[in-house]
Each structure stands twice: as C-alpha cells, then as structure tokens.
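Notes to accompany the following structure.
It should be emphasised that the depicted structure is a prediction, and the values quoted were computed from it without experimental measurement.
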Protein chains: 2
Amino acid sequence: MHDKMNHELNPRISADCVIFGFDLNTLNVLLIERETVVGLDTYKALPGDLIFEDEPLDTAANRVLNELTGLEDIYLEQVGAFGDPDRLSKPQDRAWLKAVRQDPDARVITIGYYSLVGMNNYVPQPASFARAATWIPIEEIGELAFDHREILDGALKKLKEKLTVQPIGFNLLPEKFTLSQLHRLYEAILGVELDKRNFRRKMLKMDILESLEERQEGVPHKPSQFYKFNEQKYHDLLKTGFDNFGF
Amino acid sequence: MHDKMNHELNPRISADCVIFGFDLNTLNVLLIERETVVGLDTYKALPGDLIFEDEPLDTAANRVLNELTGLEDIYLEQVGAFGDPDRLSKPQDRAWLKAVRQDPDARVITIGYYSLVGMNNYVPQPASFARAATWIPIEEIGELAFDHREILDGALKKLKEKLTVQPIGFNLLPEKFTLSQLHRLYEAILGVELDKRNFRRKMLKMDILESLEERQEGVPHKPSQFYKFNEQKYHDLLKTGFDNFGF
DNA sequence: GACCTTTGTGTCAAAAATACACTTTGCGAA
DNA sequence: TTCGCAAAGTGTATTTTTGACACAAAGGTC
C-alpha cells in the first residue's frame, strides 16, 4: 500500500461476447455494426458493454448479450481479461466512446466470453443503439473495434483447443444433423481438411451419436442419414474416459 | 446506455498470482501468510494486489509478484477473471481490507495468473507488509483468503491441461535433473501414477532432452543419470508437430 | 437413361499405447 | 567382506489407434 494509493486504478469493466454460429457451411460470428459518428461508414464490434455494480461477471455477459442481440440463457465460457491501457485509443473508437459514454476517458478492462449457438435456431434482433447484430462469416471479418479482433482470435483458439480435446460443437448444429454437416463443422472450426472416412469412424466410435431412421429428402444426390446427439452418453463419457489423455 | 448509467460499476482491479514450485518431491505453491487483524492467527493468501492506472495487466501481475515475493521476470499465464461481488465478504477478509485498503468496500475484480518456477533457484523474500511468502505443499493448503482457493484450483486445472498437451514443467526443475525427478513432477501435477518405463520411453522419444555425462553421487542406490532440457529442439518441435492432436 | 453430385463404406500398414518383472549399482550395516 | 536395501534402468508382446486410399450406391436433373 503506502505510497501507491494515488496510483490506484479506478477503471470500468465490460464484457464482450464472441458468439459463434454455423450455417451448415461456414463458421460465423455475431457482430454489431455501428455507425461511425462522423457519418456514413459503419464499423464492426463484438456485442459488449459495461457491467453493473454488484453484478457477477457471467451474469453481466449474459445480460449485455441479451440487450444487444436478444440471445438468452447462453452458456458463456471465459476467454480471459483484456486490459491494455491503450485498447480504446484508436481515433474511431474514441469518437464513438465520446458520443456514448459518460466518462469516455476512463480505462476499461474487458472480460471476453465465447459461446456456440445454432444459427438456424436464432435470428438476431437488432437492439436500440446497435445498428444491427448480424452473422458475419469468419473469413470475412477484418478489423474490429477496440481490441475485439484480439478477443475473437483468443476465443477461436480456445474453441479449437476444446474441440480437439472433447466433442463439443453440437450446440452449433440443429437437433438433427448429418455426419457430413458435423464433418464440415469440424473443418470450419479447425481450418483444416479431415479425411471423411477417418472422421466418421472416430466420431461413431465415441458412441455419443444416435442414428435416426430419418434421411434427407429432396436433395439431388444420395440422401444423407440424420443423427442426433446423445447427451446422456456424452456426460457418461466425460466422467470416465476423457481425463486420461497423453498418459 | 440510457438509464443504466447510475448502475455502472466503479471497481478496483487486482492481480493474484499462483506460483507453482517443485522440491523434487511434491508440488508447492507460494503463499503469503498474513496476520489476522484480531491477533495471533495467520491466514494464507495468494500474492496479489491492486493494479495501477495505465498499467498493463501482465505488467501489474509481475510487479505485484515482485513486491510481495521478490520474484522477477516470470512468465505468467492468465487463469481468468474472478469477479463475484461477494468474493471479499468473509469476515476475516473484511477485517483485513479495512485495515489496509483506502476504500475497503469497493468491489474488486481480480485477474488470476499462474507460473512455474524452480524452488531451488529461488528462496522467497518476505516483503514489507506480508508476514512471509512461503512455499506450501499443495496437499496441505486448505482454505485461503477471499476466493483464492478457487483461483488456485483454476490454475492447477490449466496447468494439468497444458502438461498433457505439451511438455512444460522444465521451469520447475533445476537445470540438471534426472528422469525420475521429471517423472515425479508429472505425477505430482497430474495427481496420478504413471508407468515408469512408458513414461521414459515417451519422454525420450520427444527428443527434447539431452543426456549429460554426469550422474548422481552419494546416493545409497544406483546413481541416476542427469539430463538437461534442450530449448532449441523444444521450440522446433512446437512449430511443427504440436498443432495436430486429435485429428 | 445418361449424367451429376454427394453419401457411405473397408482394408492394410505403421505408429502408439499398455501391461508387465528382473538386473544393476552403490551405499550402509552387520 | 558380504548381505541387504533402495532406486535406476531396461525390452517385449499385445492391443489400439492412426492414416492413407478408391469405388459403388442413391437420387435428382436434363
């Protein structure tokens, strides 16, 4: 303590959410399009805002996400804290902050979160002061506001790691899905090609998918079989077999 | 924004560090022993303190760690943000805060960090207002101040995950070490028994260890061969072969 | 019915994981 | 000096997992 007192920080805290969606073809991220203050241009940002006093971080992330996009009750996983003192200092960002924040010069430390949702289940609701919340294919996302690009990259990295360690990603698909769709999802997230036969073998051996009687209809090729995710078996598996990797 | 303004949070930020050490036998954590304000008792906390204005988070974590323990220039990895509004509300914690903080009622959100250091290389230096920084074997750590137990558990979990994915942990050992010591280290971190022969085979196959001519001396059994870690080969390996797990 | 597109399937070889027990070395005690 | 103790060090056989690879089946379109 002692002589440090007057240096102590008095910052704001925000939560920013990286929401991944999958349209059965490419991976998308839910972004807010903001009007730049000067005029015609828009620029993109993650849905995020300051958190309230006495509000737990996870709760805040969910509230903020809901306010900006309409999404509700999403399981959000933390990416980490981003607190570079210069993270709000790009001119465009400063202009926006001045227009919208009570104390635009305050340092803001943000907690990044990420989650996966099915794009089908959900059509974004533009909120009051966001121009629009929209799904953007991940390869088309360039620069973002603040350090949001860094947060996005961090989230994607965590998502990849998680995917290689345990089968997640079912949230990204509709309830009934085909193995090809799941295959494409894995390729989209990991950004690599995966051998079709080996992928299927491995997936099925895990014994967490249930094949349905149903098949695709009206497609101009051999119809694909539908599967669904068996949550029960998945949780059984998590408890037994997933701790022992490596050794 | 709008009507939310008056709810906006005005918290403090702190950094707390989980420093793991290994005494060639058991895993230890570097803890601060604080006097309780009432009197004779001590209680334990992670080294941590408030961060300064305009100070990057990582820098702050290193500074705080240095001030409390004397450790310098440690690579700290983030565990995450911990921000439960009640995290400072245990009576003991409140007493301590009142004694030592300018604004003891302010909400404090903390960023947890962890790192590995060699216990041999380092003998903790007690700092001014910490009673003592000491290594405590991880099995002997019970309750800690605030939510530090939660932070510690989170750090240990991350450490385990990382260890299974890539060979770290060399920072925890002296420069020259034996395979048995490395073996014990892995067992201590993962908390499981690992087959000796299989462990050695796997470790050596990675080709990141260099066997030295030297052997143990003065031990009442067959002397063990010393190895050292080849940082060059390790970094080569990281670039090529470590991304492709799982698929 | 010819053609296009995507699904779905099997095998073989190489690599990795697992389980498992005895000999070696050096010290200390009798 | 030898006997015992404690930890180091070493190899094999079996099973499991990975990775590479090609062609027939189904259904729609023209």
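With C:dG10, D:dA26, D:dG19 as the choices, the nucleotide that has an atom nearest any side-chain atom of A:Pro223 turns out to be D:dA26. Among the nucleotides D:dT17, C:dC27, C:dT7, the one closest to the side chain of B:Pro220 is C:dC27. The side chain of A:Arg200 sits closest to C:dG8 out of D:dT10, D:dA26, C:dG8.
Nearest-nucleotide positions on DNA chain C place A:Lys222 closer to the 5' end than the other of A:Lys222 and B:Arg201.
Between the side chain of B:Arg197 and the base of C:dA21, a donor-acceptor pair under 3.5 Å is found.
A:Arg215 comes within 4.0 angstrom of no nucleic acid atom, judged by non-hydrogen atoms across all strands. Across all strands, B:Gln216 comes closer than 4.0 Å to no nucleic acid atom at all (heavy-atom distances).
Rounded to whole angstrom, the span from the CD atom of B:Glu193 across to the C1' atom of C:dC20 amounts to 14 Å. As rounded to whole Å, 10 Å separates atom P of D:dT17 from atom NZ of A:Lys202. In this structure, A:Gln225 atom CD and C:dT7 atom C1' are separated by 11 Å, rounded to whole Å. Regarding A:Met203, its CE atom lies at a distance of 12 Å from the P atom of D:dT18, rounded to whole Å. C:dT24 atom P lies 15 Å from atom NZ of B:Lys196, rounded to whole Å. Going from atom CG of A:Asn198 over to atom P of C:dA15 covers 16 Å, rounded to whole Å. Between the CD atom of A:Gln181 and the P atom of C:dG8 there is a distance of 10 Å, rounded to whole Å. Here C:dG28 presents its P atom at 13 Å from CD of B:Glu217, a figure rounded to the nearest Å.
Between A:Asn28 and A:Trp135 the shortest heavy-atom distance is CB-CE3, 3.8 Å. Nearest heavy atoms, B:Leu31 versus B:Lys44: CD1-CD, 3.8 Å.
Listed pair B:Ser224 / D:dG9 meets the phosphate criterion, a side-chain N or O lying under 4.0 Å from OP1 or OP2. The phosphate of D:dA7 (OP1 or OP2) has no side-chain N or O of B:Ser180 nearer than 4.0 angstrom. Applying the 4.0 Å criterion to OP1 and OP2 of C:dT7, one finds that A:Arg184 has a side-chain N or O inside that range.
Using a 30° and 60° split on the angle between ring planes, A:Phe170 and A:Phe177 fall in the tilted class, from 30° to 60°. Taking the six-membered ring for Trp and thresholds of 30 and 60 degrees, A:Phe199 and A:His183 have nearly parallel ring planes, at less than 30 degrees apart.
Annotation for A:Glu175: atom CD does not count as buried by contact number, only 12 or fewer foreign heavy atoms lying within 6.0 Å.
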